[in-house]
Amino acid sequence: MAPTQQRHVDRLLRQQASLAEFGSYAFSEPQLSKILTEAARVCAEGLGVPFCKICRYRALEDDLLIEAGWGWHEGVVGRVVSAANETSPQGRAYVTGLPVILGNLREANDVVLPAFYGEHGIISTIDVIIKGKEGDAYGVLEIDNPRQHTYDRHDIDFLTGFANVLAEAVATATRNQLMRDTVLKMEALVREKDKLLAERAMMAEELKHRVRNNLQLIQAMLFTHMKIGGGEEEQASVRAISRRVMTLSQVYEQLLGTGLDRTIDLGEYMRSLCGRLPGLQGNGGGGIALVCRAEALPVDLDTVTAMGMAVAEIVSNSFEHAFPDGIGTVSVALSRSADGKDGVLTVADDGVGFVEKPGSKRHGVGLVRRLVQQVMGTVEKGDGPGTSWSLTFPLHTPPREPTPAVAH
């Protein structure tokens, strides 16, 4: 093989190796700035020239900024721009989409060149467009030589192929950066959300403590009032108020262990409530036993409150009216309905029985019905012996405007 042919083959092999080297680097490097700088270096060495630059098109300014380069003095990369029109070599390549070859800039009278060309002694240049995926070109790839040189078809093919690989690398790096930015924004939003949730949880806990403590304070004041004295009718009224305050206080006792959860275990709440109800009766319950059997049943806060107050009213009525001799049993049972859609609360006693008069509001019956209706439930009175009430309520209550219950 002749020396000239051997040099030609060596150059082609060097260019192919440069292209492969850059492709391997570009698709593993996440930072676009490093990809562009490496592209300028590899491209310059592949064509055996000391200078190379990559110009990015800026739509708002309608110019080409030198985004990266190799071999240039400080102050060129990132600062110098050329017009994105046919008055500059880069602009001509960008506008036409075709390679622009200037073998001797001294003879090119139809182009306007920035001062740094003369400062670096640039004589010949080649510009090729860096195509974009969506039709819009990223910019222009240019090699610069301080010596006059005649470039052949192989040089143009290498530079064009290199620009195509660079275009794909730019698109990939841009997509990856967009994904990283999106992930970072999402992580920041999650951190902000967690912070807000933590603050909300702390405020909710503080609010629950304050409400519970205030209810307990009111209850203590009512107990003190009952000890001072008053007629039987007044004592009964104060006990009724105290009982209702206590049921609300018990709700907040349960809430303190559930964080921001909108559901409470109604079974656990009923067992705790039944443990305290006898102490609120006139004689402390005497010989009357209160038995509670309740399975775990998570329900919403409104349902817990309504069911708690309703059960407290019924149990209190049984203690006061069902046992003239002061001896008997009241039972509270909580379970799911057969189809699992509803909860069923049964309150029964083995006392003397109770006959409800139509429209009667005595013994808290009217209040019980209104409380259960608030959560879309129903109240049914069972047959004797004794007295039994069945409170049925949906486990998934549809949202509705609450109707305040007023005791009569």
Side-chain angles (χ1 to χ4, degrees), residues 201 204-205 207-209 211-212 215 243-280 285 289-319 329-350 364-365 367-383 386-405:
E205 288 300 312
L207 177 61
K208 286 187 292 187
H209 277 288
V211 172
R212 182 198 63 173
L215 288 171
R243 182 174 61 249
R244 292 160 190 170
V245 171
M246 185 273 293
T247 59
L248 292 175
S249 178
Q250 285 293 107
V251 170
Y252 280 90
E253 287 285 353
Q254 298 297 120
L255 273 176
L256 290 176
T258 61
L260 291 177
D261 199 343
R262 282 284 299 173
T263 62
I264 299 176
D265 182 356
L266 183 58
E268 181 180 351
Y269 171 74
M270 280 296 160
R271 290 189 292 272
S272 176
L273 180 64
C274 289
R276 297 188 61 180
L277 280 174
L280 294 176
L290 177 57
V291 180
C292 181
R293 296 185 304 275
E295 66 175 73
L297 202 62
V299 298
D300 63 87
L301 179 58
D302 292 337
T303 301
V304 170
T305 304
M307 291 300 105
M309 296 188 71
V311 168
E313 290 297 323
I314 296 173
V315 169
S316 177
N317 283 340
S318 293
F319 270 76
T329 301
V330 180
S331 62
V332 176
L334 171 66
S335 62
R336 288 180 182 269
S337 62
D339 59 9
K341 296 181 180 179
D342 298 322
V344 181
L345 256 171
T346 303
V347 184
D349 64 59
D350 56 2
V365 173
L367 175 60
V368 169
R369 292 192 184 280
R370 286 191 296 276
L371 286 167
V372 177
Q373 287 171 0
Q374 284 182 12
V375 293
M376 311 297 287
T378 59
V379 179
E380 292 184 6
K381 181 181 176 298
D383 297 329
T387 303
S388 67
W389 298 91
S390 180
L391 316 180
T392 303
F393 54 93
L395 295 180
H396 300 287
T397 305
R400 63 192 296 270
E401 288 296 327
T403 302

My understanding is that only residues two or more places apart in sequence, or in another chain, count here; which of them pass side-chain contact (heavy atoms from CB on, under 4.5 Å) with Thr329?
Ala289, Val291, Asp350
Can you see which heavy atom on Ser318 is nearest to which on Val330, and at what distance?
CB-CG2, 3.8 Å
Distance, nearest 0.5 Å, that separates OG1 of Thr392 from CE of Met376:
14.0 Å
Using side-chain contact (heavy atoms from CB on, under 4.5 Å) as the criterion, list what pairs up with Ala294, not counting sequence neighbours.
Met270, Arg271, Cys292, Leu334
Is the shortest heavy-atom distance from the side chain of Trp389 to the side chain of Val372 under 4.5 Å?
no
Find the distance between OG1 (Thr346) and CZ (Arg293) and round it off to the nearest 0.5 Å.
9.5 Å
Are the side chain of Thr305 and the backbone N or O of Leu301 linked by a donor-acceptor pair below 3.5 Å?
yes
Between atom CG of Asp302 and atom CG of Leu371, what is the distance when rounded to the nearest 0.5 Å?
11.5 Å
Would you find a donor on one side and an acceptor on the other, under 3.5 Å apart, between the side chain of Asp349 and the backbone of Thr387?
yes
List the atom of Leu395, the atom of Gly340, and the distance in Å for their closest heavy-atom pair.
CD1-O, 3.5 Å
Nearest heavy-atom pair of Glu295 and Asp265: which atoms, and what distance?
O-OD1, 4.4 Å
Could you report the tightest heavy-atom contact between Val311 and Leu391, atom names first, then the distance?
CG2-CD1, 4.4 Å
Can Phe393 and Val299 be said to form a side chain to side chain contact (heavy atoms under 4.5 Å, CB included), step by step?
CA-CA 10 Å; Phe393 54 93; Val299 298; 4.1 Å; yes
side-chain contact (heavy atoms from CB on, under 4.5 Å) against Ser337, all qualifying residues, sequence neighbours excluded:
Asp339, Asp342, Val344
Val368 versus Glu313, closest heavy-atom pair with distance
CG2-CB, 3.7 Å
If I compare all heavy atoms of Arg336 with all of Pro298, which pair ends up nearest, and what's the gap?
NH2-CD, 4.5 Å
